[in-house]
Peer 1: 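Take this structure, written in structure tokens, and hold onto it; I'll ask about it next.
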Amino acid sequence: MNLGRISLNAFVALTAAFLVLPILAIVPAAFSAQSFIRLPPDAWSVRWWGTFFNDDSWRVTLLASLRVAAITTVVSVVVGTAAALGIARSGPRMRALLTGLFLGPVVTPAIVLAVALYSMARATGLVGTTVALVIAHTTLALPFVVLNVGVSLDSLDRRLLLAAAGLGADDFRIFRSVTLPLIAPGVAGGAVFAFVTSFDEVVLSIFLAGPTVKTLPVRIWEEIRLAYTPVVAVGATVMIVLALGAASASRLLQRKRS
Amino acid sequence: MSTVEFAGISKSFGNVAALHPIDLDIPQGQFLTLLGPSGSGKTTLLNICAGYLAPSAGRVVVGGRDITALPPRQRNMGMVFQSYALFPHMSVAENVAYGLTVRKLARDEIARRVSDVLKMTQLEGFGERAIRELSGGQQQRVALARAMVIQPDILLMDEPLGALDRQLRKEVQFEIRRLHRARPRTTIYVTHDQEEALVMSDRIAVMRAGRIVQIGSASDLYESPVDTFVARFLGESNLLEGTVDIVSNGRAKLGVPGLASPLEGRAGQGLRLGGAASALLRPEAVRAQSGGLRALVAERVYLGELVAVRLKLDSGHELWSRRLAGEWSARDDVEIGWDASAISILPDASVQS
């Protein structure tokens with residue numbers, strides 16, 4: 001191996017470490033016996049896992065997060081797939097316009113969105129409700145679905161749709177029997193992105209959550225401001241595991257298809 | 001099975017006319033080929049028939065019924081695409097059954113008809129295969145089976161053999177011909193390949209620049225082309241350019257610079273006295289003849305039972321001859337002639353359009 005090759009490998013390893021280490025560092029902190037986060041912990045224990053899963057204020061937020069993420073996923077997959085189909089059918093200029101519109105929330109600063117959505121939620125009395133959180137998360141998750149499904153649609157052979165129509169199928173039948181099965185990988189990918197986006201969303205959620213409905217990231221944020229206890233690390237670890245689970249599930253699904 | 005009538009069908013894309021008004025009647029059960037180079041409008045006409053494109057003007061009438069405004073799914077036509085357009089996520093049997101499932105036929109009726117058509121297209125035992133496991137020729141047959149199983153009024157084929165290699169193309173040509181002869185069904189077949197057109201068609205419509213230039217049987221077109229475009233498009237041709245000396249009673253004489261006497265033959269339409277035209281002489285009509293024109297053999301191409309010979313006349317003209325191998329001696333210095341009945345005097349295609 002020559003020097004260039006070695007230095008390239010080292011650079012790649014360093015970059016990977018830079019990306020992954022801070023995230024992984026939180027995991028040992030979750031197994032600390034102490035009452036504050038310190039790396040590495042002086043003594044090990046699973047006591048904070050007990051706290052996390054027994055304390056209602058934590059368990060309920062985890063369930064709320066899962067519920068909001070699940071509803072957000074369903075809503076954004078349905079709306080986003082429909083939007084992607086519409087975009088794919090429109091002319092080149094309309095297409096550019098619509099794509100820009102649907103990707104808007106990704107480039108808009110989160111705090112701007114948060115303020116805007118908060119004022120809307122206040123005006124309609126929705127602050128602190130699941131509905132408000134789902135709407136907010138959907139604005140963020142939708143672009144990923146539109147993008148993923150859009151890519152699948154681009155590679156879909158239009159002549160398949162013509163062939164199906166020629167064989168007597170109506171539009172809904174064509175969608176159900178030809179379009180949907182062939183764009184399924186894109187829909188699945190969009191769904192995973194939507195779920196993860198909602199599950200780890202914090203800025204909008206801080207504005208829109210209330211005492212009755214609170215998501216896990218909001219609870220972590222509140223806890224950290226009061227006490228820097230390892231239960232925060234437990235919450236973070238749970239989130240990492242769920243996000244990894246969702247990502248690998250989608251990979252497995254796509255590999256099975258291809 | 002039905003008659004098809006195109007009445008004044010035209011199509012423009014923006015300012016570009018893809019089809020000039022076309023009138024065409026196809027009798028029931030006829031195999032009609034639209035033959036022409038790319039951009040001649042043949043696929044546009046096919047797509048208008050299938051309902052994938054709306055004509056700018058005119059009517060499509062099938063079996064006496066005006067279907068111009070009907071969507072494709074209500075037309076009961078079987079389309080075979082150049083790319084086959086098979087559903088990649090379905091098995092062979094599911095692909096073939098698609099049109100029947102959509103028509104909500106009983107399950108055992110579907111199974112019976114799928115199995116029949118697979119047998120007919122020599123795909124028995126392939127029902128459970130995935131599409132990607134099939135060769136190009138097999139995919140082509142699945143596409144054909146899928147189009148035929150719905151018992152369409154009209155079968156439409158858009159260069160269905162374009163993706164196959166030469167040997168396979170020949171086999172499938174005869175296969176399609178056999179299926180058509182066994183159960184004649186009105187068929188419109190689009191191709192730019194003259195051989196396909198000659199092998200399969202009852203009737204051929206030669207298209208150029210959005211117009212039907214000539215329509216007739218293969219032998220009509222080959223023996224009596226209306227202009228040099230059709231002559232060039234079907235079969236091999238020698239064309240000698242000259243000036244029209246005489247036109248009368250369907251015959252004409254063409255003065256060709258360098259030739260001592262004018263060439264006389266059947267006159268194409270639209271010849272003008274004194275105008276430019278070409279004499280068509282098919283290579284199989286050019287033969288050795290003692291006392292004929294003197295020529296040099298410039299090239300000899302062995303084609304099996306035939307030999308193609310490139311002859312250079314004293315006038316500078318070049319002629320191809322295509323005769324049985326024994327007819328041309330090995331000598332390079334020959335005298336040649338042709339059957340007088342073999343000559344057609346044709347207007348140049350560019351003058352017509």
Peer 1: Crowded around B:R166 CZ? As in, over 12 foreign heavy atoms under 6.0 Å?
Peer 2: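 Incorrect, the count does not exceed 12.
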Peer 1: Measuring heavy-atom distances to chain A, does B:L100 have an atom under 4.5 Å in its side chain, in its backbone, in both, or in neither?
Peer 2: neither
Peer 1: Under 4.5 Å, heavy atom to heavy atom, which residues of residues 41-67 of chain B contact chain A?
Peer 2: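 Counting heavy atoms that sit under 4.5 Å from chain A, the residues of residues 41-67 of chain B involved are B:Y52.
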Peer 1: Most heavy-atom pairs under 4.5 angstrom with chain B, which of A:V178, A:D157, A:L162, A:L161?
Peer 2: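 The option with the most such pairs is A:L162.
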Peer 1: Side chain from CB out, backbone as N, CA, C, O: work out which of these in B:R103 comes under 4.5 Å of a heavy atom of chain A, or both, or neither.
Peer 2: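 Answer is side chain: those atoms of B:R103 sit under 4.5 Å from chain A.
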Peer 1: Does any backbone or side-chain atom of B:M79 lie under 4.5 Å from a heavy atom of chain A? Answer side chain, backbone, both or neither.
Peer 2: neither
Peer 1: Using a 6.0 Å cut-off, check whether atom CZ of A:R89 has over 12 heavy atoms from anything other than its own residue.
Peer 2: no
Peer 1: Might you confirm whether atom CZ of A:R159 has over 12 heavy atoms from other residues, nucleotides or ligands at distances under 6.0 Å?
Peer 2: no
Peer 1: Would you say B:F6 has more than 12 foreign heavy atoms packed within less than 6.0 Å of its CZ?
Peer 2: yes
Peer 1: In Å, rounded to the nearest 0.5 Å, how long is the span from CG of A:L167 to CE of B:M77?
Peer 2: 13.0 Å
Peer 1: Quick one: what part of B:F87 sits under 4.5 Å from any heavy atom of chain A, side chain, backbone, both or neither?
Peer 2: both
Peer 1: Using every non-hydrogen atom in the two residues, find where B:M90 and A:S177 come nearest and quote the distance to one decimal.
Peer 2: CE-O, 3.5 Å
Peer 1: Flag the pair B:P88 / A:L160 as yes when at least one side-chain heavy-atom distance between them is below 4.5 Å, and no otherwise.
Peer 2: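 They are in contact (side-chain heavy atoms under 4.5 Å apart), so the answer is yes.
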Peer 1: Roughly how far apart are A:R173 CZ and B:R73 CZ, rounded to 0.5 Å?
Peer 2: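 Output value for this atom pair is 12.5 Å.
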